[in-house]
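To keep things clear, I will list the structure first and then write my remarks on it.
Chain A is the first sequence line, chain B the second, and so forth, proteins listed ahead of strands; every chain is numbered from 1.
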Protein chains: 2
Amino acid sequence: MRVLEHPTPEEIRLEAVLHAFADPMRLEVVRFLAEAGREVSCSEIDLAVSKSTGTHHYRVLREAGVINQVYRGTAKLNSLRHEVLNAIFPGLLDSVIAATARQRPPAPSPSQRRGE
Amino acid sequence: MRVLEHPTPEEIRLEAVLHAFADPMRLEVVRFLAEAGREVSCSEIDLAVSKSTGTHHYRVLREAGVINQVYRGTAKLNSLRHEVLNAIFPGLLDSVIAATARQRPPAPSPSQRRGE
DNA sequence: CTCGTAGTTCGACACTTATCGTAGTACGGT
DNA sequence: ACCGTACTACGATAAGTGTCGAACTACGAG
């Protein structure tokens with residue numbers, strides 16, 4: 001069984017988390033995971049980069065402590081470490097998620113335009 | 001008179017702000033400005049880098065839209081763009097400031113230890 | 001006008017990072 | 001056993017970043 005290293009809460013560093021956030025591809029992953037609210041395989045998120053680059057970004061997120069990754073069969077399931085991050089840096093993840101939703105209006109659901 | 005370029009609220013990009021935050025020196029500046037709550041000259045913040053490196057970090061913060069810089073005489077005064085950032089990315093700056101205070105307990109003022 | 005203070009600009013450099021393609025591994029199904 | 005899918009590992013590379021020192025500019029004070 002393949003096991004993946006994750007930082008413990010004590011090992012999570014603010015700068016690493018912020019650096020993990022500071023990339024469009026990784027922000028897209030965070031935004032997607034937040035919206036999904038469940039475990040999502042790498043291939044479900046359609047990043048505009050090659051697979052090897054994708055692997056790189058997922059690793060950065062995991063090693064920073066932002067996401068959790070587990071293998072299930074051939075797939076690798078990703079989810080946000082929401083509670084852990086909230087405990088260490090209260091409000092940080094939520095404000096970033098809200099910011100991504102605000103700056104990238106991706107969900108074009110109809111009749112959802114309150115006067116901006 | 002020397003004038004400094006600042007991004008308008010519309011020009012402020014989330015990734016740029018997060019990237020500006022993702023550096024220990026710049027986080028220290030942000031933390032200092034937040035604690036001071038006033039305009040602070042560059043030389044007041046004692047960064048552990050050379051002056052030219054300091055200039056670089058201040059510029060990154062300003063161009064990302066995190067701080068405001070104005071000349072007064074020979075000094076350059078810095079302050080957080082707190083209201084602007086709060087309007088664009090609600091809670092983001094505050095959670096980062098709280099996180100810096102949490103991860104770097106620097107202010108050893110006496111009789112200020114409520115049970116952690 | 002001269003001097004000192006505060007900060008800038010300009011290379012230069014080492015290091016990191018985002019990116020790719022190719023080859024490889026792990027697992028489930030047939 | 002074989003195949004396909006999902007992801008990884010390994011260079012390679014181009015671009016970005018943090019750092020410095022040395023020379024420079026802007027301003028106030030005397």
Measure from CG on B:L47 to P on C:dG7 and round the result to the nearest Å. 11 Å
A:T74 side chain: which of D:dC7, D:dG28, D:dT5 is closest? D:dT5
Is a side-chain N or O of B:N78 found less than 3.5 angstrom from the main chain of B:V40, in a donor-acceptor match? yes
Identify the two heavy atoms, one from A:I97 and one from A:A34, that lie closest to each other, and give their separation to 0.1 Å. CD1-CB, 3.5 Å
Output a table of nitrogen or oxygen pairs between the protein and nucleotides 18-20 of chain C separated by less than 3.5 Å.
residue: C:dA18; atom: OP1; partner: A:R26; partner atom: NH1; Å: 3.4
residue: C:dA18; atom: OP1; partner: A:R26; partner atom: NH2; Å: 3.0
residue: C:dA18; atom: OP2; partner: A:R26; partner atom: NH1; Å: 3.3
residue: C:dA18; atom: OP2; partner: A:H56; partner atom: NE2; Å: 3.0
residue: C:dT19; atom: OP2; partner: A:H57; partner atom: NE2; Å: 2.4
residue: C:dC20; atom: OP2; partner: A:S50; partner atom: N; Å: 2.8
residue: C:dC20; atom: OP2; partner: A:S50; partner atom: OG; Å: 3.2
residue: C:dC20; atom: OP2; partner: A:T53; partner atom: OG1; Å: 2.9

Whole-Å distance between D:dA9 P and A:E63 CD? 10 Å
I need the CG-P distance between B:L77 and D:dC27, as an integer number of Å. 14 Å
Would you say A:L14 and A:L92 make side-chain contact, with heavy atoms under 4.5 Å? yes
Provide, to the nearest angstrom, the distance between the CD atom belonging to A:Q69 and the C1' atom belonging to D:dC7. 10 Å
Does a side-chain N or O from A:S43 land closer than 4.0 Å to OP1 or OP2 of D:dT5, or not? no
Taking every non-hydrogen atom, the tightest pair across A:E15 and B:A22: O-CB, 4.1 Å
Closest non-hydrogen atom pair, A:V70 against A:E39: CG2-OE2, 3.7 Å
Just wondering, more than 12 heavy atoms not from A:R38 lying within 6.0 Å of its CZ? yes
Measure CD/B:E39 against P/C:dG7 and give the value in whole Å, please. 13 Å
Quickly work out the B:L4 CG to D:dT25 P distance and round it to whole Å. 18 Å
Does B:R59 make a side-chain N or O approach to OP1 or OP2 of C:dT9 shorter than 4.0 Å? yes
Tell me the closest heavy-atom pair linking A:F89 and A:R13, and the distance in Å. CZ-C, 4.2 Å
In whole angstrom, give the distance that lies between atom CD1 of B:I45 and atom C1' of C:dA6. 14 Å
Using whole Å, what does the distance between atom P of nucleotide D:dT17 and atom CG of B:L61 come to? 13 Å
